[in-house]
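From a predicted model like this one, the values you see are computed outputs, not experimental measurements.
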Amino acid sequence: MSERDDEEREFDLKWAEGAAHKEPSARARMLAARWKENPPGPVPFRADPDHVGSGRRSSWVSTAVVLGCVAAVIVLLGYVELRAPY
């Protein structure tokens, strides 16, 4: 590609981005047509505070579980070392 092609391409991109009217996407047109007949109901931005912590463990419980697993692996490896014949 020559330098002239790059300049023409840059001009085309500037011209396209500077266009006054941009046609909406097919999905935007479909949703606009659907919502004209049956508008969507309000949706909260955040979940209700009652349901926020229902499925999550607190950070100290997670830390205790991880440290317990690490300790169990260390003990298991030490036991295997003791039982291994030389």
Side-chain angles (χ1 to χ4, degrees):
M1 294 191 117
S2 68
E3 188 174 316
R4 175 117 169 103
D5 291 337
D6 289 342
E7 288 176 6
E8 287 178 10
R9 182 173 179 269
E10 185 174 339
F11 174 75
D12 289 341
L13 289 176
K14 286 180 184 177
W15 176 80
E17 289 172 353
H21 175 72
K22 293 185 179 181
E23 184 176 334
S25 67
R27 178 166 174 76
R29 291 191 306 266
M30 178 199 65
L31 289 174
R34 183 185 300 170
W35 290 345
K36 193 178 289 185
E37 298 169 5
N38 186 15
V43 178
F45 180 71
R46 303 232 183 241
D48 293 335
D50 299 340
H51 303 296
V52 172
S54 61
R56 297 182 57 191
R57 286 186 247 180
S58 64
S59 63
W60 69 270
V61 173
S62 297
T63 303
V65 169
V66 169
L67 291 177
C69 290
V70 169
V73 168
I74 290 171
V75 168
L76 180 66
L77 291 175
Y79 179 73
V80 170
E81 268 306 306
L82 282 174
R83 302 283 297 171
Y86 287 103

Partners passing side-chain hydrogen bond (donor to acceptor under 3.5 Å, both in side chains) against W35 (at least two apart in sequence or in another chain) = none
Applying salt bridge (charged side-chain N to carboxylate O under 4.0 Å, His left out), name anything that partners R29, two or more places apart in sequence or on another chain.
-> E23
Hey, what do you get for CG (L67) to OG (S62), rounding to the nearest 0.5 Å?
-> 11.0 Å
With A28, which residues qualify under side-chain contact (heavy atoms from CB on, under 4.5 Å), at least two apart?
-> P24, S25
